[in-house]
Amino acid sequence: MSMMKRAAVLAAIFLSGSLAAFADTRSDPPFANPLLDDVVEMTRADIPDTTILAFLRVRRARLEADVTAEDLIALRRAGVHAEIVEYIA
């Protein structure tokens, strides 16, 4: 294989690996409280609100940390329904 072809193949492999790494990252930064990340993931997976609320009720003590206005806004922007955001607030 010529030097030019090897360089092209290596560049293609490197570029595809780089693109895959960037594609796997979330557009939203994770929340300080991992439970909020779980809520977003469950919402994106179309888990019913009643199930998400039950999940949060069992873990209420872990929600006692300060939840900021930014957290609530980010939850809504991520598609979390108002009833769930209201419970978290």
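What's counted below: heavy atoms across the whole structure, side chains too, no hydrogens, waters or symmetry copies. Each residue takes its place number in the sequence, starting with 1. Values in this document were obtained by computation on a predicted structure and should not be read as measured data.
When all heavy atoms are compared, the tightest approach of G79 to T43 is O-CG2, 3.3 Å. The minimum heavy-atom distance between R76 and A82, with the atom names listed, is NH1-N, 3.2 Å. The two residues P34 and A32 come nearest to each other via the heavy atoms CD-O, 3.4 Å. Annotation for D37 and P30: closest pair OD1-CA, 3.4 Å, computed over non-hydrogen atoms.
In this structure, the side chains of L75 and F31 come closer than 4.5 Å at one or more pairs of heavy atoms.
For D49, the side-chain hydrogen bond (donor to acceptor under 3.5 Å, both in side chains) test picks out H81, with sequence neighbours left out. Taking N33 as the reference, nothing meets the side-chain hydrogen bond (donor to acceptor under 3.5 Å, both in side chains) condition, with sequence neighbours excluded.
Listed by first then second residue, pairs satisfying salt bridge (Lys or Arg N to Asp or Glu O under 4.0 Å) with a partner in residues 53-63 read R60-E64, not counting sequence neighbours.
V80 and I47 fall within a single hydrophobic cluster, where Ile, Leu, Val, Met, Phe, Trp and Tyr are joined by side-chain heavy atoms under 4.5 Å apart, directly or via other members.
Rounded to the nearest 0.5 Å, atoms OH (Y87) and CG (L56) are 6.5 Å apart.
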